[in-house]
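Numbering starts at 1 and runs along the sequence shown.
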Amino acid sequence: MVPRQLYLPSASGSIQRMQEFTRKCVASALATLAALFSIHSYAIDCEDDEIDSRAVVNGWGFDRTNHRFLSESQAGITPDNLQSLKLQWVYALPDTDAPRFNPLITPDTVFVTDGSGGVYALDRSTGCEKWRHSIDSTVRTALRKVVSGEDELLVFGTLDGDLIALDLQNGSKVWKVRLHPHPKAMLSGSAVDHEGIIYQPVSSWEVAWALNPFYGCCTFRGAVVAVSAADGEIVWRGYTIEEEPKLTRERLLLPDQYGPSGAPVWSQPTLDLERRRLYVGTGQNYSSPATNTSDAILAFDLETGALVWKQQMLANDAWNLACIGGMRMNCPEERGDDLDFGAPPILVEVDGRDFLLAGQKGGRVYALDPDRDGALIWTRKAGAGGKAGGIHFAMAVNASRGVLYVPISDRGLGSLLGTSNDGEPNPSLQALDIPTGRPLWMTPAPGDCMENREGSEPRPMDDCFRGFSAAVTATERLVVAPALDGYLRIFDANSGEQIWEFNTAIEYDAVNGGKAQGGALDLGGAVMSDGQLFIPSGYSLFGQMGGNAFMVFGIEE
């Protein structure tokens, strides 16, 4: 997978010339390195800073099996009151134009982060600040509540590869641990926990460093790490590539090349407590030789971290950013398409049978049998797919109805990173029957991304795209599907009919002073609780509409 934000190695001389060439080739991809919003927080301190610490929505997948389903009693938002859903307040997130977290929600508090390492506990009703803490890095995961004995922790992962635990009540640091020995490791997938153990996936920036021909590519191996919630001690580390990288090619004037590498884990693992397994989806290899654990669903033993089984869905997908432009010294010989699993696997029981559901950036949905080492039950091609999805960040299920909701981005990246779409793009929201994979309905992505200025002809907006890349959220009767064009859209879960929308891509007065800007809706999607809906707006990667607005909607009587 292409990282959510790109950083290039600093260098001088010929390396600088290489970087200038690369900048011209991937100008849009480097948009997130441009000047970020210079927003400073002037939040009003809350008069009452007590926190009801009961987590009502916790983690990327909302539960340990990644259903992203909330009952109507949990959400408090139904088709009957949906038209009363109004914007309540907006918080301007400092130093970012691409928020990339999922908030933690308790009965009276919402926990958020900014672009420079600020972590905030905000009052749900007003947005006033209960506490803040700076971690000197960027948070890239969901904020998760973890209980360890009598301690209540706020746990998250960072750009620098650290897993951090704060005291949930006051924001003080409890522990911090680096989870992977590789210097380019980062934490982008969110954690799950069970009985005092946190399971954290690990990904890497090495896919971007490979742009530099003077970098010896590549030696990172994806992993999942089990960590003690009590003290941050590592219990086990399971690698997605069991073989350590070795020298594959000696070069005279450039650093040698290594492999195998890659197969990072970008998304929240899935816990199977009955079988004592942990399931993850992996990304592509970074260098040759390609392995049989990239673009795959893997099962690890929950107690030891041993790899129990693997099911690869796409072979020979070895790719890194050196495969674009003219300087391809570190591009692997396979030159794959970067069609990994960015969405977490979903474990669900329907009619007495368990299914492990996985959505791939190539646009395919897979149903696997966890009782038969992940044997394929069915597969369905739902979209054309591509480096930006296909299926990107998360699907959702309604287990009682046996329905899987699938967001399709199908955003082509064209000459920017190479076109990998297979067939005609189909940006849409779809519902599939879980036992069979049979389509139940399909709704094309609304919107036309046309700018209508008074006195002039409508024209396409350069930073607007149709499609559903962000994670979707389901209730019994609703599917919330944020869109790349900045519209928050809600659909009827039974028919796929759109029944509510709100354009977030405008400027707002922020409760912490100044202005907040909305933009493209991507990554973690919407979270609902007790009649409120929470969502970050803005995501500037690859030329999309940047923004820094954390938005809170509520049902108004």
Side-chain angles (χ1 to χ4, degrees), residues 57 68 70 72 75-93 97-99 102-103 105 110 112 124-125 127 393 396 405 407 409 427-429 443-452 461 463-475 477-493 495-511 515-540 544-557:
V57 183
R68 286 195 67 92
L70 298 168
E72 289 189 351
I77 299 173
T78 73
D80 304 320
N81 62 17
L82 183 58
Q83 300 310 316
S84 298
L85 186 63
K86 309 295 182 184
L87 183 63
Q88 292 183 327
W89 53 269
V90 179
Y91 190 91
L93 298 165
D97 62 358
N102 238 36
I105 310 294
V110 53
V112 304
R124 278 182 52 165
S125 299
F393 287 112
Y405 301 103
S409 169
S428 57
L429 180 65
T443 301
D448 58 11
C449 282
M450 298 296 290
E451 185 176 25
N452 296 290
M461 299 169 62
D463 57 357
C464 179
F465 303 92
R466 297 171 60 237
F468 301 103
S469 173
V472 294
T473 302
T475 71
R477 293 183 288 171
L478 300 175
V479 181
V480 184
L484 289 174
D485 64 1
Y487 276 81
L488 176 61
R489 293 187 167 98
I490 301 181
F491 299 83
D492 184 289
S495 68
E497 177 187 2
Q498 180 179 304
I499 53 180
W500 188 90
E501 70 175 26
F502 185 97
N503 181 15
T504 72
I506 60 175
E507 189 176 74
Y508 304 90
D509 292 324
V511 295
K515 301 290 184 180
Q517 177 65 48
L521 298 176
D522 212 337
L523 271 81
V527 179
M528 296 181 289
S529 170
D530 195 27
Q532 285 183 300
L533 184 151
F534 308 83
I535 189 166
S537 178
Y539 193 66
S540 63
Q544 297 174 177
M545 291 182 286
N548 69 329
F550 180 72
M551 308 179 67
V552 180
F553 297 80
I555 298 296
E556 295 185 0
E557 299 296 335

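Among residues two or more places apart in sequence or in another chain, the ring pair (Phe, Tyr, Trp, His ring centres under 6.0 Å) test is passed with F502 by F553. In this structure, the side chain to side chain contact (heavy atoms under 4.5 Å, CB included) partners of Q88, at least two apart in sequence or on a different chain, are Q532, V552. Applying the side chain to side chain donor-acceptor pair (under 3.5 Å) test to T443 and every residue at least two apart in sequence or in another chain returns nothing. Listed by chain and number, the residues in a side chain to side chain contact (heavy atoms under 4.5 Å, CB included) with M450 are D448, P458, P460 (sequence neighbours excluded). Legend: residues meeting side chain to side chain donor-acceptor pair (under 3.5 Å) with N102, ordered by chain and number and at least two apart, are absent. For D530, there are no side chain to side chain donor-acceptor pair (under 3.5 Å) partners, not counting sequence neighbours. Here Y405 pairs with nothing under the ring pair (Phe, Tyr, Trp, His ring centres under 6.0 Å) rule; sequence neighbours left out. Annotation: side chain to side chain contact (heavy atoms under 4.5 Å, CB included) contacts of N503 (sequence neighbours excluded): Y487, A505, I506. In terms of the side chain to side chain contact (heavy atoms under 4.5 Å, CB included) criterion, residue partners of R477 (sequence neighbours excluded) are, by chain and number, E72, T78, P79, D80. Residues satisfying the side chain to side chain donor-acceptor pair (under 3.5 Å) test with E501, not counting sequence neighbours, are Q498.
One finds the OG1 atom of T504 at 10.0 Å from the CZ atom of R489 (value rounded to the nearest 0.5 Å). A distance of 12.0 Å separates CG in D522 from CZ in F468, rounded to the nearest 0.5 Å. Between the CG atom in D485 and the CD atom in Q544 there is a gap of 10.5 Å [rounded to 0.5 Å]. Atoms CZ and OG, on F465 and S409 in that order, are 9.5 Å from each other to the nearest 0.5 Å. Residue L85 holds its CG atom at 6.0 Å from CG of L533, rounded to the nearest 0.5 Å. Between atom CD1 of residue I535 and atom CE of residue M551 there is a gap of 8.5 Å, rounded to the nearest 0.5 Å.
Side-chain contact between D509 and V90 is absent, with no heavy-atom pair separated by less than 4.5 Å. Here the side chains of T473 and L70 are in contact, with some heavy-atom distance below 4.5 Å. Side-chain atoms of S537 and L521, non-hydrogen and from C-beta on, do get closer than 4.5 Å to each other. Side chains of L478 and M528 form no contact here, defined as non-hydrogen atoms less than 4.5 Å apart.
Between the side chain of N548 and the backbone N or O of A516, no donor-acceptor pair lies under 3.5 Å.
Closest of all the heavy-atom pairs between S469 and F393 is O-CD1, 3.3 Å. The two residues P99 and G538 have their closest heavy-atom pair at CD-O, 3.0 Å. For the pair G496 and F491, the tightest heavy-atom approach, listed with the atom from each and the gap, is O-CD2, 3.3 Å. Considering every non-hydrogen atom in both V472 and P407, the closest pair reads CG1-CB, 3.6 Å.
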Please report the C-alpha distance between L484 and Y539 in whole Å, then the side-chain angles of each, then the deciding distance to 0.1 Å, and finally whether the side chain to side chain contact (heavy atoms under 4.5 Å, CB included) criterion is met. CA-CA 9 Å; L484 289 174; Y539 193 66; over 6 Å; no
Verdict with supporting geometry, V110 and F550, side chain to side chain contact (heavy atoms under 4.5 Å, CB included): CA-CA 11 Å; V110 53; F550 180 72; 3.7 Å; yes
